[in-house]
Amino acid sequence: MKCRVDEPSVPGLGADSVLRALVAVSADGLALLDRHGRFTVLNAAALDVLGLPADDLIGHPAPFPLGDADLAGLRDHRRRTVWLTPDGRRRDLEYRLVPLAGGAYAAWFSDVTNVLRQQERLTAITRAASSVADAGSLRGTLDAVANEIVMTANIAAVQILAIDNPSDELRVLGMAGFGDAADFVQRLSACRRLGARVRFMDAIQTREPVVVLNRKPAILADPTWAPLHEIMDYPNWDSFASMPLIVRGRTIGVINAYYVPGDDPGPSSLAFLEAMADHAAIAIDIAAHLARTRSQAQSDERRRLARDLHDSVVQQLFSMRMQAEALRSQVDNADADPARMRSRAQELADLSRTALADLRGLVFELHPLELAELGLVEAVRAHAASLQARTALVVDVQAPEELDFDLAIEIQEDLYRIVQEALHNVVKHARASTVAVRFALADRVLSIDVTDDGCGPEPGPERAAPTRAPRATLGLVSMRERAERWGGQLYAGPHPTGGWTVKVTVPAAAWHNQPVEETTSR
């Protein structure tokens, strides 16, 4: 029989207000399933995701398997399945199942197809941008470029300036050859207000190099340049050249070169400036891409935490409210069965315990590291204890007492995240009962092994057997990139005695250095 939202049919829940409440707390698609896994109720978001009207879906088997032995565990883990739309397109669905009274189920799900594709693109952008890690390293990179230019025999000073719009303020991204010029931008703004003709703005607007001979005497004689006289008088220079920074057809700044007296900018010098301008423009563009990628990653993480709160704690609190109301009704009933009341109270206690564990887990994810105080090993022990408290998994952290290493805090955080992701994969995929995390230090190489006694990654259409090497999932790519960032290596594969191993090694040469992508050119 078809079921509509205004005709509740979920045994044990009893009123259409319950269904409306379930729909209200669902930010994604919501469906109710009967004991056979067939759709009985769907909200508008669910219909939109599945691409069919309600009349075609009600009574149709849902794509969410109900044969899992541990149905109670489904409320704590999101899973993925595939749905084919009427036009044959594949959609990746992320879902969570919660058993209801009477053998029914509630399924919360969303279409993550585009999200997965976007994550792959963002990962590719991050790999391409690995030579410029952040704004700080960009300034260091462009200061080095400026110094390289000044090292030529005929250039006394260099500035690398970025600008998004001719009416905006400039940003100094690299400088060499000047004295104390920290307030250069402010002084230049004052000159522009006085009416000074800023010739490098011509290079930005025309996208062509600008060369001005005997520029220094003209600037020092011009009162509109008075705010900059002190700075511009320091280097021993005479003529000036400005080369636009152009990337993907857009001018994003300039390189200004100040030539020593008697050496005017010639064709070979301008060709050199153009090559350096290309290098600087690419560095700026990559840094901008990486900044957007990181911003997107932070936004994705906030959405993930919000979804986790909604899918676990909010739903559990809703169930606790229903149980509390049912218990109150029994208390008010003089003929209530004490055994049934005790059962209700126990269910309420179990739900509150689970909700508290989930909240603690989320809080731990928000503040996972106290590495400065605890150090890497103790931080891993703390995470292992939290994980063991929330799951049935036994986590054994092993580290020799004589283990002595002094890692930069950035390396510790990356190694911690690798261990955290490896343990997350064990909980999600391995069906393991124990996992060992082993620290070792040999020949000035730190190694960390995470080995479980489970079956390895779940087999799927891409894998014929659990022991086959995992495909490059986003989590595995992230772990490998964290290791390679410090000149390390990561292995993930079957363990000789069974189960699965993730091993990361980091050489001592990287312990106090900057990441590889910040110190080398790729």
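Remember, predicted model here, so these are calculated numbers, not experimental data. Throughout, numbering of the chain's residues begins at 1 and tracks the sequence.
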Drop me the distance from [X]'s [atom1] to [Y]'s [atom2], to the nearest 0.5 angstrom.
X	Y	atom1	atom2	answer
L100	D34	CG	CG	11.5 Å
L446	I411	CG	CD1	9.5 Å
H383	R417	NE2	CZ	9.0 Å
D452	R431	CG	CZ	11.0 Å
E481	I418	CD	CD1	10.5 Å
N43	L32	CG	CG	9.0 Å

(request) Using the side chain to side chain contact (heavy atoms under 4.5 Å, CB included) rule, take T451 and W500 through it: C-alpha gap first, then chi angles, then the decisive distance, then the call. (result) CA-CA 6 Å; T451 303; W500 202 259; over 6 Å; no

Which heavy atom of [X] sits nearest a heavy atom of [Y], and at what distance?
X	Y	result
F109	A46	CZ-CB, 3.4 Å
L490	M479	CD1-CB, 3.7 Å
F439	A399	CB-CB, 4.0 Å
A432	V426	CB-CG1, 4.0 Å
Q388	V395	OE1-N, 2.8 Å
L93	P63	CD1-CG, 4.3 Å

(message) Check D92 with R80, please: is the shortest side-chain N to carboxylate O separation under 4.0 Å?
(response)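 D92 and R80: not salt-bridged.
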
Under a 3.5 Å distance rule, please check whether [X] uses its side chain to pair with a backbone N or O of [Y] as donor and acceptor.
X	Y	answer
T434	V394	no
H36	R38	no
W83	L50	yes

(message) Here's a test for you: under ring pair (Phe, Tyr, Trp, His ring centres under 6.0 Å), which of F64, Y105, W108 qualifies with Y95?
(response)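 That would be F64.
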
(request) Could you verify whether a donor N or O on one side chain and an acceptor N or O on the other, from D449 and T501, lie under 3.5 Å apart? (result)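 Short answer, no.
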
(request) Give a yes-or-no answer on whether the side chains of Q412 and D414 include a donor-acceptor pair shorter than 3.5 Å. (result)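 No, no side-chain donor-acceptor contact under 3.5 Å.
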
(message) Looking at Q489, I'd like to know if its CD atom is crowded, meaning that more than 12 non-hydrogen atoms belonging to other residues, nucleotides or ligands lie closer than 6.0 Å.
(response)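 It does not: Q489 CD has 12 such atoms or fewer within range.
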
(message) Side chains of E421 and S478, heavy atoms from C-beta outward: is any pair under 4.5 Å?
(response)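 E421 does not reach S478 side chain to side chain.
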
(request) Sort out for me which residue in V41, L97, L42 forms a side chain to side chain contact (heavy atoms under 4.5 Å, CB included) with L33. (result)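 Single pass found, and it is L97.
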
